[in-house]
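The shown structure was predicted, so the numbers you read here are calculated from the model rather than taken from an experiment. Counting starts at 1 for both ligands and their atoms, following the listed order.
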Amino acid sequence: MTSSRPPARETRPATPRVREATQVRPTTEGWTQQKDAEGRPLLQFASPKRGKPPVHLADLTPAERIAKVKELGMPGFRAKQLEKHYFTHWTHDPADMTDLPAAGREEFVHGMLPPLLTEVRRLETDRGDTIKFLWKLHDGALVESVLMRYPGRITLCVSSQAGCGMNCPFCATGQAGLTRNMSAAEIIEQVVRANRLIADGGLGDPRRVGHKGERVTNIVFMGMGEPLANYARVMQAVRVMVDKEHGLGMSARGITVSTVGLVPAITKLANEDIPVTFALSLHAPDDELRDELIPVNSRWKVDEALDAARAYFDKTGRRVSIEYALIKDMNDHAWRADLLAEKLNARGRGWVHVNPIPLNPTPGSIWTASERDVQDEFVRRLNDAGIPTTLRDTRGKEIDGACGQLVATEDDERVAAETPLEA
Ligand code: SF4
């Protein structure tokens, strides 16, 4: 609460726009929490049963690839050739693979690299430096990815599930529920297609020099889905991303796996021995609000999630990111910045940094971004408390391509229905 007489140790004037007294809550603003049979917040951890996508090279270990190649009547060394075409030249077109025998080539390539994603839409913004893709999967499910060029890096935000079962009230994807888990290869194919587009000069101004040899350098699992709810397939995809000999050969440090706080899976991730960057989407430092804002908090509380994040740092030595969507009058209060700093500092120094991001409003909803001075105050308080904090930009906002914004519209569904699957 603000008071007319600040305490003696207060050296800065209270910021008039920090409205300590205003507290907007999802439930009081019309959000109804769906409940399961036991009266707990509804969460979908298991993927609904649907036809599985065809098995693809990227779903398999190197040994399994050789076995499958042999099953298709080819000698085992052809697996290596296919890996080269797919992971280095980003092609699945048999016409490009002249080192394979012409007889039976089409069937063989189709058997190992079946089509997984059909491009339905491509939206560009930031003068071509940000591109959102809408993909249709083999069963008609829709997912999206967003490609962003920054100085010195190219980041792809990938989807790991069609829809999401975590039901966060501010998130467009969460409102649509979980359609199904994506396969490892469906995740990898998003990267391969992005690399193909970059190689063809499709990202940014083609007249700009220095495009040669560019490819996706950073991956963020912040598209559709809760990655740790699809753990095994996400980890297979990560292994393929970092494999220098049989995969994309990316740096693990450039890969960010985020979660809303599935604590047992965070512990498992810490023990994987792949030092990816780990991000915890916290969005509130107090259970009272977080129970409403992130329904999974009903299973694992703020302190448990923070303990797991700290343990991730201890195990991997990788600094953890805390993601915090700033929502006007909901979670952007100065006292919450102070409480967050207190909880992080209580777990030691130098292990964490905070990325507040102004929420992108869900169309037609009450959810809106904090005002600029409130954002600045939130960041200042954390930094003053010794927590490195950087306000993240909202690239892709114009095309609904920022986190929590990836959801197919009715118009997307209509266009998708008219788009035949790639053969
Ligand atoms: S914010 Fe993330 S975890 Fe929550 S519903 Fe949206 S996609 Fe799922």
Side-chain angles (χ1 to χ4, degrees), residues 26 31-34 36 40-48 132 134-135 141-146 156-182 186-187 190 219-231 233-234 256-266 269 278-284 289-300 302 305 308-309 321-327 330-331 355-363 365 367-369 392 394 396-397 400-409:
W31 155 255
T32 313
Q33 175 69 70
Q34 290 173 277
D36 64 16
R40 298 194 298 178
L42 182 68
L43 298 165
Q44 281 173 277
F45 288 99
S47 182
K132 180 171 86 164
L134 174 67
W135 307 106
L142 299 178
V143 298
E144 296 178 327
S145 30
V146 184
L156 183 70
C157 175
V158 293
S159 293
S160 55
Q161 297 180 307
C164 182
M166 296 297 111
N167 206 7
C168 304
F170 59 89
C171 167
T173 305
Q175 300 316 291
L178 176 63
T179 304
R180 72 165 167 87
N181 281 332
M182 294 175 72
E186 285 172 329
I187 297 168
Q190 296 170 69
I219 301 280
V220 291
F221 279 88
M222 293 183 185
M224 282 184 180
E226 159 54 55
L228 297 189
N230 184 19
Y231 191 89
R233 293 165 202 88
V234 165
T256 300
V257 176
S258 76
T259 178
V260 280
L262 279 64
V263 166
I266 299 172
L269 183 69
F278 171 67
L280 173 65
S281 297
L282 194 69
H283 305 317
L289 176 61
R290 197 169 193 265
D291 279 345
E292 285 189 30
L293 211 49
I294 308 288
V296 84
N297 205 66
S298 62
R299 305 296 203 285
W300 299 285
V302 170
S321 299
I322 300 287
E323 307 294 316
Y324 199 106
L326 282 168
I327 310 168
M330 182 88 66
N331 65 352
N355 291 317
I357 179 170
L359 183 86
N360 288 310
T362 305
S365 90
W367 304 89
T368 189
R392 256 188 31 207
T394 50
K397 194 170 179 173
D400 288 348
C403 300
Q405 297 294 292
L406 300 185
V407 72
T409 62

Do Asn355 and Glu323 pair up side chain to side chain, a donor and an acceptor below 3.5 Å, judged on atom types alone? yes
How about Glu226 and Thr259: does a side-chain donor come under 3.5 Å of a side-chain acceptor? yes
Please enumerate all residues that pass salt bridge (charged side-chain N to carboxylate O under 4.0 Å, His left out) together with Arg233, with sequence neighbours excluded. none
Taking both backbone and side-chain atoms into account, decide whether Cys171 has an N/O/S atom under 2.8 Å from atom 8 (Fe) of ligand 1. no
Near Cys168, which atoms of ligand 1 are under 4.0 Å from a heavy atom of that residue? 1 (S), 4 (Fe), 5 (S)
Pick from Gly177, Ser258, Gly174, Gly225: the one approaching atom 2 (Fe) of ligand 1 most closely through a non-hydrogen atom: Gly225
Who pairs with Phe278 by ring pair (Phe, Tyr, Trp, His ring centres under 6.0 Å), at least two apart in sequence or on another chain? Tyr312
Any idea which atoms of ligand 1 are less than 4.0 Å away from a heavy-atom of Met166? 3 (S), 8 (Fe)
